[in-house]
Amino acid sequence: MGTEQIVHIDTLQLIYAYGLILLAISLSRIQYFGLGKQLFWSSIRMGLQLLVVGYILTLIFTVNSPVLVILMLFIMIGFSMQIAGSRIKKRIPKFYRIVGISIIVGCGGATFYFCLVVVGYSPWYDPRYLIPLAGMIIGNAMNSATLASERLSSEIGERENEIETALCLGANPKQAVMPAIKSAYIAALIPTINTMAATGIVALPGMMTGQILSGTVPAIAVRYQIGIMCAITGATAITTFLILVQGYRQYFTAAYQLKK
């Protein structure tokens with residue numbers, strides 16, 4: 001299987017692909033679901049973003065500079081924080097600082113570990129490996145960060161009386177809020193766990209499918225997919241943990257009182 005067998009998609013074929021988006025919009029309008037505009041503008045935004053990213057990546061691959069690669073990673077993290085924040089109606093205090101630190105440590109650590117230890121390519125900043133792998137890891141961790149933040153905020157709000165009672169009985173803030181932390185952690189990791197359980201039998205992941213379509217031997221694509229799923233799970237777990245550990249402290253005063 002070689003790269004000469006790759007089927008290239010031209011502009012007209014992309015237009016045909018957008019026919020499926022038009023079908024989804026039509027179904028929404030027929031049944032008055034109210035998602036037509038969101039589907040339309042999201043699809044346009046997706047196309048424009050991917051086209052811009054394509055040109056940027058071409059430039060980065062050509063220059064092959066560690067400075068540009070690191071800059072691209074921070075831009076990706078910045079956008080992931082903005083998207084995560086826009087999805088949440090009730091944020092934890094100091095949301096962007098907490099999520100930013102957590103993603104940088106969790107996703108950054110998992111990405112470089114995977115690239116340097118598992119894959120072991122050289123140089124370490126090779127954009128053809130580092131940027132796509134970081135994108136997959138950050139994207140998945142972003143979803144878990146959103147779930148963890150929103151769930152923690154909701155749980156503490158709903159358990160206010162329970163938490164204050166625990167504090168009155170002598171519990172410290174961490175002990176008082178631990179049920180809320182546990183609930184938020186489980187909620188954030190369930191999608192990743194379900195994805196791992198379904199991978200291979202129910203669904204073929206995007207990375208593996210892309211490699212196979214590009215001519216990679218399926219056995220090699222499978223190994224990469226197993227590795228990246230491990231990296232995603234580790235990054236998600238670390239990022240979620242850091243968000244919850246930093247987040248719950250923002251709800252208490254220095255005197256161990258629950259903030260209203």
Side-chain angles (χ1 to χ4, degrees), residues 49-50 52-54 56-85 87 95-149 185 188-196 199 204-211 214 216 220-247:
Q49 287 179 164
L50 287 174
V52 171
V53 167
I56 293 175
L57 290 180
T58 300
L59 173 63
I60 294 176
F61 290 171
T62 302
V63 177
N64 200 22
S65 167
V67 175
L68 288 179
V69 173
I70 297 299
L71 177 61
M72 183 65 182
L73 295 181
F74 275 103
I75 290 174
M76 292 163 64
I77 291 173
F79 272 98
S80 70
M81 291 167 54
Q82 186 274 327
I83 294 172
R87 293 180 180 177
F95 172 85
Y96 289 106
R97 191 194 73 178
I98 291 173
V99 172
I101 293 173
S102 301
I103 290 180
I104 290 173
V105 175
C107 296
T111 299
F112 281 101
Y113 175 84
F114 181 78
C115 292
L116 298 177
V117 178
V118 179
V119 181
Y121 61 84
S122 182
W124 63 268
Y125 58 84
D126 189 338
R128 296 183 184 274
Y129 284 90
L130 187 56
I131 292 178
L133 293 173
M136 286 184 284
I137 291 172
I138 293 172
N140 283 272
M142 176 194 69
N143 294 329
S144 294
T146 303
L147 290 171
S149 303
Y185 189 81
L189 258 67
I190 281 179
T192 302
I193 295 172
N194 289 341
T195 299
M196 280 198 298
T199 298
L204 294 179
M207 178 184 179
M208 176 179 164
T209 303
Q211 285 185 306
S214 67
T216 303
I220 297 177
V222 166
R223 293 184 181 184
Y224 265 94
Q225 187 59 55
I226 292 173
I228 194 61
M229 281 305 304
C230 293
I232 288 172
T233 303
T236 299
I238 296 170
T239 301
T240 301
F241 174 80
L242 292 175
I243 288 173
L244 296 177
V245 168
Q246 297 175 85

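By convention here, the first residue in the shown sequence is residue 1. Because the structure is a prediction, the values reported are computed rather than measured.
Pairing each heavy atom of Ala84 with each of Met142, the nearest pair is CB-CG, 4.0 Å. Listed here is the closest heavy atom pair of Ser144 and Thr192: OG-OG1, 3.9 Å. Residue Gly85 comes nearest to Phe95 through the heavy atom pair CA-CE2, 3.5 Å, listed as atom of the first residue, atom of the second, then distance. Of all the heavy atoms in Leu242 and Gly106, the pair that sits closest is CD1-N, 4.4 Å. In terms of heavy-atom proximity, Cys107 sits nearest to Ala235 at CA-CB, 4.1 Å.
From Ile77, atom CD1 reaches atom CD1 of Ile101 across 12.0 Å, with rounding to the nearest 0.5 Å. Here the straight-line distance linking atom CE of Met136 with atom CG of Asn140 works out to 9.0 Å at 0.5 Å rounding. To the nearest 0.5 angstrom, Thr111 atom OG1 is 11.5 Å from Ile131 atom CD1. Considering CD1 of Ile98 and CE of Met81, their distance stands at 10.5 Å, rounded to 0.5 Å. Between Met76 atom CE and Ile103 atom CD1 the span is 11.0 Å, to the nearest 0.5 Å. Between Ile228 atom CD1 and Phe114 atom CZ the span is 4.5 Å, to the nearest 0.5 Å.
Tyr121 contributes a side-chain N or O that, together with a main-chain N or O of Trp124, makes up a donor-acceptor pair within less than 3.5 Å.
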Which donor-acceptor pairs under 3.5 Å do the side chains of residues 59-75 make with protein atoms, sequence neighbours left out?
from: Thr62; atom 1: OG1; to: Thr58; atom 2: O; distance (Å): 2.7
from: Ser65; atom 1: OG; to: Val67; atom 2: N; distance (Å): 3.3

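By the ring pair (Phe, Tyr, Trp, His ring centres under 6.0 Å) test, Tyr113 is found to be paired with no residue, residues two or more places apart in sequence or in another chain being considered.
In the displayed structure, Tyr125 atom OH is contacted under 6.0 Å by more than 12 heavy atoms of other residues, nucleotides or ligands.
For residues 231-246, the pairs satisfying side chain to side chain donor-acceptor pair (under 3.5 Å) are Ser102-Gln246, with sequence neighbours left out.
At a threshold of 4.5 Å between non-hydrogen side-chain atoms, the residues Pro191 and Leu147 count as touching.
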